[in-house]
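One structure follows; several queries about it will come next.
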Amino acid sequence: MPYRNILVALELNHREKPLLKRAVELAECHQAGLHIIHVEPDLSGVYMGSLSLDLRQLKNKLRLESGHEIMQMLKEEQRHASSVSLPHGDVRQAVQLAVKEKQADLLICGRQLERPFLGHLFSHSTGFLDIDGCDLLVIKLPDRT
């Protein structure tokens, strides 16, 4: 059965290019929609101290930078995404919600090679394993360059 909607969870680091490349290839092969999600960290608990920064401005700046970085990665792959989501907060909850909203039937995420595989499974992607109606593809990311 071909995939219809593929969701890619990105952390936005330079080692994720093979992850996006694989997602683009699968989306083209299955003629599926390609949806991208990057979960911004929740900054509400960050102590700003004596810094004269407006937390809303900082959140907006981070969101714009992340969006620009995703668009640059897509441009390099010569691919458009059906949607790009930049929620903030808990990674597991945000990805599970995106899977439901986009009706994703395949979720692609990366795994760092320097972490043991089980160590990775018990970090971010643990919450991804029990998503109903959605397959999970974990791509090995290259070592640090």
Side-chain angles (χ1 to χ4, degrees), residues 1-48 53-144:
M1 183 167 98
Y3 293 112
R4 293 168 292 153
N5 289 294
I6 297 173
L7 178 67
V8 184
L10 297 176
E11 290 182 16
L12 293 184
N13 64 55
H14 66 281
R15 293 184 291 168
E16 289 184 317
K17 289 184 182 189
L19 175 67
L20 185 60
K21 182 176 179 64
R22 176 68 63 89
V24 166
E25 289 169 354
L26 284 169
E28 289 173 353
C29 177
H30 291 271
Q31 297 180 350
L34 179 64
H35 306 274
I36 297 175
I37 185 169
H38 168 71
V39 182
E40 296 286 336
D42 187 9
L43 300 175
S44 59
V46 174
Y47 175 70
M48 299 304 284
L53 280 174
D54 181 2
L55 195 56
R56 285 183 311 218
Q57 286 179 333
L58 180 59
K59 284 181 183 179
N60 288 338
K61 183 177 188 278
L62 290 173
R63 180 171 267 191
L64 285 172
E65 288 174 0
S66 296
H68 177 72
E69 193 168 340
I70 289 171
M71 291 302 134
Q72 186 62 34
M73 290 173 74
L74 287 168
K75 184 178 179 184
E76 290 172 12
E77 287 298 322
Q78 299 179 352
R79 173 72 184 200
H80 295 286
S82 299
S83 71
V84 175
S85 301
L86 299 169
H88 65 279
D90 182 69
V91 172
R92 292 178 186 133
Q93 289 178 352
V95 170
Q96 286 179 342
L97 181 61
V99 165
K100 289 178 186 173
E101 287 177 351
K102 306 303 178 193
Q103 298 178 345
D105 41 10
L106 176 63
L107 170 62
I108 301 176
C109 62
R111 149 178 115 76
Q112 297 174 6
L113 290 178
E114 64 265 9
R115 287 188 194 169
F117 183 67
L118 289 178
H120 179 73
L121 282 180
F122 293 107
S123 63
H124 289 306
S125 58
T126 304
F128 302 162
L129 294 175
D130 62 352
I131 298 175
D132 291 332
C134 183
D135 293 340
L136 175 65
L137 175 61
V138 180
I139 305 291
K140 292 181 205 175
L141 299 177
D143 288 330
R144 294 180 189 213

(request) Only counting residues at least two apart or in another chain, list the ones meeting side-chain contact (heavy atoms from CB on, under 4.5 Å) with Gln93. (result)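 For Gln93, the residues satisfying side-chain contact (heavy atoms from CB on, under 4.5 Å) (neighbours in sequence not counted) are Asp90.
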
(request) List the atom of Leu12, the atom of Glu69, and the distance in Å for their closest heavy-atom pair. (result)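 Looking at all heavy atoms of both residues, the shortest contact is O-OE2, 3.4 Å.
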
(message) Working to the nearest 0.5 angstrom, can you tell me the gap between Ile6 CD1 and Leu137 CG?
(response)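 Separation between the atoms: 9.0 Å.
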
(request) Any chance you could measure Leu34, atom CG, to Glu28, atom CD, to the nearest 0.5 Å? (result)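 The distance works out to 9.0 Å.
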
(request) Can you see which heavy atom on Leu19 is nearest to which on Ala9, and at what distance? (result)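 That would be CD2-O, 3.8 Å.
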
(message) Using every non-hydrogen atom in the two residues, find where Val39 and Gly89 come nearest and quote the distance to one decimal.
(response)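 It is CG1-O, 3.4 Å.
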
(message) Applying side chain to side chain donor-acceptor pair (under 3.5 Å), can you list everything that pairs with Lys21, at least two apart in sequence or on another chain?
(response)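 Here no residue qualifies.
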
(request) Just jot down the side chain to side chain donor-acceptor pair (under 3.5 Å) partners of Ser82, sequence neighbours excluded, or say none. (result)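 Result, side chain to side chain donor-acceptor pair (under 3.5 Å) vs Ser82: none returned.
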
(message) Among residues at least two apart in sequence or on other chains, which ones pass side-chain contact (heavy atoms from CB on, under 4.5 Å) with Gln72?
(response)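 Testing Gln72 for side-chain contact (heavy atoms from CB on, under 4.5 Å), a comparison that skips the adjacent residues, returns Lys75, Glu76.
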
Compile the donor-acceptor pairs under 3.5 Å between side chains in residues 98-110 and protein atoms, sequence neighbours left out, one pair per line.
{"unit_1": "Asp105", "atom_1": "OD1", "unit_2": "Arg4", "atom_2": "N", "d": "3.2"}
{"unit_1": "Asp105", "atom_1": "OD1", "unit_2": "Asn5", "atom_2": "N", "d": "3.0"}
{"unit_1": "Asp105", "atom_1": "OD2", "unit_2": "Arg4", "atom_2": "N", "d": "2.9"}

(message) Measuring from atom CG of Leu7 to atom CG of Leu136, what distance do you get when rounded to the nearest 0.5 angstrom?
(response)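 One gets 10.5 Å once the value is rounded to the nearest 0.5 Å.
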
(message) Any side-chain to backbone donor/acceptor pair from His30 onto Pro2? Under 3.5 Å, distance only.
(response)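 No, because the side chain of His30 does not come within donor-acceptor range (under 3.5 Å) of the backbone of Pro2.
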
(message) Let me confirm one number: the CZ-SG distance from Arg22 to Cys29, rounded to the nearest 0.5 Å.
(response)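 Taking CZ in Arg22 and SG in Cys29, the distance rounds to 11.0 Å.
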
